[in-house]
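Okay, so here's the structure we're looking at.
Residue numbering restarts at 1 for every chain, and letters A, B, ... go by the order of the sequence lines.
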Amino acid sequence: MDKYYVTTAIDYVNALPHIGHAYEKIAADILARYYRLQGRDVFFLTGVDEHGSKVEKAARLAGMQPQQYCDLMSEKFQQAWAKLDLSYNYFIRTTDERHVTVVQKLFRQLKDNGDIYKGSYSGIYCEGCEDYLRERDLDADGNCPSHKQKPRQFTEENYFFCLSKYKDKLRQWLSSGDCVVQPESRRREVLKQLDDAELSDFSVSRSRSSLTWGIPVPDEPEQIIYVWIDALANYLTGVGYLTDPDCLSRYWPADLHLIGKDITKFHAIYWPAILMSAGLPLPKRIFGHGFITVEGQKISKTIGNVVDPICLVETYGADAVRFFLFSATPFDQDGDFSKQDFINKVNAELANNLGNLLNRTLTLVERYCGGKVPARAPENNLREASNEVSVVVDKHIESLEFAKAIEAIFALVDETNKYLNDEKPWALFKDNKTVEGETVLLTALEILRRVSLCLYPFTPQLASEIWYQLGYHTKIETLAHGDDFMWELIPAGQLIRNKGPIFKRIDSSCVD
RNA sequence: CGCGGGGUGGAGCAGUCCGGUAGCUCGUUGGGCUCAUAACCCAAAGGUCGACAGUUCAAAUCUGUCCCCCGCAACCA
């Protein structure tokens with residue numbers, strides 16, 4: 001069976017999840033659900049990054065021990081993801097014991113391979129930020145821009161990864177046209193960064209004096225493994241590297257690393273180099289998606305426009321949030337979340353177009369066909385149109401153009417609403433043209449069946465509800481027969497269940 | 001000359017690579033229908049496609065110059 005291993009970035013737990021975090025996880029979930037429905041053997045990994053000085057600092061501010069704080073935050077993330085109906089197979093935490101083992105063994109492996117060497121790292125550290133800065137971050141006076149104080153210069157012994165050794169191989173890989181890094185503009189950017197002299201061997205550990213909350217270098221507790229190896233290795237831990245060889249060989253390499261555009265460099269340069277050194281196959285695809293702004297502004301705690309996904313879901317439902325985020329925004333570019341647009345879009349598409357189509361169709365079936373799916377052949381033109389939609393959706397999902405996939409689905413919904421208006425089945429039945437009327441209704445039902453399948457990855461609850469009202473006793477997510485079920489027909493004689501609106505319109509006056 | 005994204009009817013966007021009647025959604029106005037969730041369908045109004053210049057029979061689309069907005073430093077995917 002064709003496997004599909006998709007990962008997301010793991011989020012720092014120094015703050016609560018916001019809509020930007022959710023965006024990427026939902027994208028991964030859409031893919032996971034879509035390919036499961038296609039019958040593929042899917043593994044969807046997400047999780048949190050719990051190490052680092054920022055987390056330690058956040059814990060201290062909260063008056064907790066780091067581990068205690070991480071347990072709490074990790075729980076919060078999982079709660080949020082549950083609310084959003086994320087169907088991940090494993091939630092990784094970098095404090096997991098087995099991850100600690102993986103990171104240490106990986107470190108040792110790279111070192112044994114001669115790719116990690118001891119060097120001296122010099123940097124600058126701002127006491128106010130409690131963080132490392134870069135020279136170019138400083139203001140004109142050489143001060144930290146936030147704290148207006150001179151940062152502390154320091155030099156310490158620590159370990160470096162020999163990136164320079166892999167630059168040629170990386171260049172080759174990135175140029176191989178194997179659609180490795182996407183979007184294309186990001187691939188070119190990364191290729192350019194490879195030629196940058198500033199991109200040299202990078203530090204992979206810190207001394208305990210500057211970083212305590214992390215995984216120690218094996219046999220050298222005074223050195224703590226720095227973020228790159230620790231965080232990136234989660235993709236290996238998640239599928240059982242060193243602990244479950246069967247799982248590893250089943251899923252590795254990843255088919256897709258889904259990441260924010262800001263960390264493309266680490267995934268497209270550092271990570272493959274580490275894998276090369278470890279002698280592991282490289283990921284097939286890395287996609288750096290755009291960010292979500294809120295009401296036209298960057299998500300920022302200072303501005304105070306952080307949107308809490310849990311709150312959003314509790315108010316509007318997971319489907320509405322999932323749907324809006326991916327219908328309104330091209331995935332490779334930045335998109336905006338505006339409450340007014342959100343309500344407009346969701347009401348128009350989910351309630352008015354789709355919900356009402358289902359509702360009017362089922363009411364007609366109840367009234368004129370005794371609530372049973374008529375035994376007729378569907379009309380060919382619309383049936384072909386819906387065949388086409390499946391193909392188009394497949395293509396767009398493959399290229400991660402979610403908005404285009406949704407657009408194609410709703411074009412079919414619109415067409416079907418128009419079809420009912422034109423064919424007027426209620427009039428056909430009144431004129432005793434029963435065969436014609438039944439054909440029209442069967443066609444609409446059949447399209448609704450396909451729409452619910454196509455929509456399932458995006459709006460699982462809504463799709464399941466349509467599936468249920470169409471009279472199925474099976475659960476939509478248990479279907480996994482590859483393509484064939486897509487081309488079947490809704491069974492004649494099946495009793496439909498008209499349970500009223502599947503999506504209640506949001507009252508736009510309740511915008512705060 | 002630091003890098004990148006963007007400026008298209010009231011709002012949000014597509015189209016720009018591979019020049020050829022400017023398209024979609026929402027909103028507005030008028031009409032239709034009554035199966036349906038004040039829904040659905042039809043029609044109309046509304047744009048010198050940031051500015052200027054150039055290439056061309058023809059430019060939103062190619063070339064050049066310029067203007068404006070937003071990221072790239074911090075909390076932050």
Side-chain angles (χ1 to χ4, degrees), chain A residues 8-12 14-15 17-25 27 49 54 57-58 126 128-129 131 133-134 136-139 144-147 184-186 188-189 192-193 196 258-263 288-294 296-306 327-330 332-336 338 340-345 347-368 403-404 407 410-411 413-430 437 440-441 444 498 500-505 508:
Chain A
T8 69
I10 50 174
D11 304 308
Y12 270 120
N14 60 345
H18 59 60
I19 195 167
H21 296 108
Y23 184 54
E24 175 181 293
K25 311 317 180 231
D49 184 353
K54 277 182 187 169
K57 189 165 105 184
C126 171
C129 303
D131 205 357
L133 305 178
R134 291 170 299 183
R136 68 162 188 260
D137 297 342
L138 303 181
D139 65 18
C144 164
S146 330
H147 297 89
E184 174 63 16
S185 58
R186 291 250 117 68
R188 283 199 301 265
E189 191 176 61
K192 214 166 90 182
Q193 285 169 340
D196 190 341
L258 212 50
I259 53 166
K261 60 181 184 179
D262 58 333
I263 51 174
H289 62 77
F291 285 166
I292 292 292
T293 55
V294 172
Q297 286 183 303
K298 184 176 162 176
I299 295 172
S300 152
K301 286 176 194 164
T302 313
I303 297 171
N305 63 347
V306 177
S327 66
T329 298
D332 58 341
Q333 287 174 37
D334 289 358
D336 187 49
S338 130
Q340 194 58 61
D341 286 354
F342 166 72
I343 291 172
N344 286 347
K345 181 93 182 170
N347 280 348
E349 302 289 14
L350 298 184
N352 296 352
N353 290 341
L354 177 60
N356 185 45
L357 174 64
L358 178 74
N359 202 211
R360 64 195 298 210
T361 304
L362 294 185
T363 301
L364 286 163
V365 171
E366 268 183 336
R367 193 165 306 168
Y368 298 108
K404 288 187 180 174
E407 194 186 331
F410 277 84
V413 172
D414 286 348
E415 207 179 332
T416 310
N417 265 321
K418 178 174 158 48
Y419 170 71
L420 290 183
N421 277 53
D422 292 347
E423 299 302 323
K424 303 179 176 53
W426 54 91
L428 291 172
F429 285 110
K430 279 172 190 160
V440 171
L441 293 187
N498 188 4
I502 48 165
F503 187 87
K504 291 206 178 59
R505 201 176 293 106
S508 63

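Residue-level contact check: A:Asp336 touches neither bases nor backbone, having no heavy atom under 4.0 Å from any strand.
Here B:C24 presents its C1' atom at 13 Å from NZ of A:Lys404, a figure rounded to the nearest Å. One interatomic measurement links the two molecules: CD of A:Glu407 to C1' of B:G15, which rounds to 12 Å at whole-angstrom precision. Between A:Gln193 atom CD and B:G4 atom P the separation is 12 Å, expressed in whole Å. A:Lys25 has its NZ atom 7 Å from the C1' atom of B:A77, to the nearest Å. The interatomic distance linking A:Lys192 (NZ) with B:G2 (P) rounds to 13 Å, in whole Å. In this entry the distance linking CG of A:Asp334 with P of B:G12 reads 16 Å, nearest Å. As a whole-Å value, the separation of A:Lys261 NZ from B:G4 P is 13 Å. Straight-line distance from the CD atom of A:Glu349 to the P atom of B:C26: 7 Å, rounded to whole Å.
Checked by distance alone, A:Ser300 brings a side-chain donor or acceptor within 3.5 Å of a matching partner on the base of B:C75.
Taking atom P in both B:G6 and B:C62, the straight-line distance is 12 Å, to the nearest Å. On the C1' atoms, B:C1 is 22 Å away from B:G7, given to the nearest whole Å. Taking the P atom of each, B:C70 and B:G12 are spaced 15 Å apart, rounded to whole Å. Between the P atoms of B:G9 and B:A51, the separation comes to 10 Å (whole Å). When the C1' atom is used for both B:G50 and B:A45, the distance is 25 Å, rounded to whole Å. For the C1' atom pair drawn from B:C68 and B:G27, the interatomic distance equals 27 Å after rounding to whole Å. Taking atom P in both B:C13 and B:A38, one finds a spacing of 30 Å when rounded to whole Å. Spacing of P atoms, B:C41 relative to B:U25, comes out at 10 Å, to the nearest Å.
Of the inter-residue distances, the one linking A:Asn344 atom CG with A:Glu349 atom CD reads 11.0 Å to the nearest 0.5 angstrom. Here the NZ-OG distance, from A:Lys345 to A:Ser327, works out to 4.5 Å after rounding to the nearest 0.5 Å. Note that CG of A:Asn353 is 4.5 Å distant from CG of A:Asp414, once rounded to the nearest 0.5 Å. To the nearest 0.5 Å, atom CG of residue A:Leu441 and atom CD of residue A:Glu366 are 12.0 Å apart. Put simply, CZ on A:Arg360 and CH2 on A:Trp426 are 5.5 Å apart, with the number rounded to the nearest 0.5 Å. Distance CG/A:Leu357 to NZ/A:Lys418: 14.0 Å, rounded to 0.5 Å.
Between A:Asp262 and A:Phe291, some side-chain heavy-atom pair lies under the 4.5 Å cut-off. Within the 4.5 Å cutoff, the side chain of A:Val294 has no heavy atoms near those of the A:His18 side chain. For the pair A:Lys424/A:Leu428, no side-chain contact is recorded, criterion being any heavy-atom separation below 4.5 Å from C-beta on. At a threshold of 4.5 Å between non-hydrogen side-chain atoms, the residues A:Arg505 and A:Asn352 count as touching.
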### Task
For nucleotides 6-11 of chain B, just jot down a letter per nucleotide in 5' to 3' order: B, S or -, based on protein non-hydrogen atoms under 4.0 Å.
------
### Task
Report, as a single string ordered 5' to 3', how protein heavy atoms within less than 4.0 Å touch nucleotides 30-43 of chain B: B base, S sugar-phosphate only, - not at all.
--BSSBBB-SBBS-
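Of the side-chain N and O atoms in A:Lys54, one or more sit less than 4.0 angstrom from OP1 or OP2 of B:C76.
The only member of A:Thr416, A:Leu420, A:Asn498 that meets side chain to side chain contact (heavy atoms under 4.5 Å, CB included) when paired with A:Thr361 is A:Leu420.
In this structure a side-chain-to-backbone donor-acceptor pair under 3.5 Å is present from A:Glu24 to A:Gly260.
The number of heavy-atom neighbours closer than 6.0 Å to NZ of A:Lys504, taken from other residues, nucleotides and ligands shown, is 12 or below.
Every stem involving RNA chain B, taken as at least 3 paired positions in a row under the Watson-Crick or G-U wobble test at 3.5 Å, is listed here: B:2-7 with B:67-72, B:10-13 with B:23-26, B:28-32 with B:40-44, B:50-54 with B:62-66.
Ranked by how close their nearest RNA chain B nucleotide is to the 5' end, A:His289 and A:Glu189 are led by A:Glu189.
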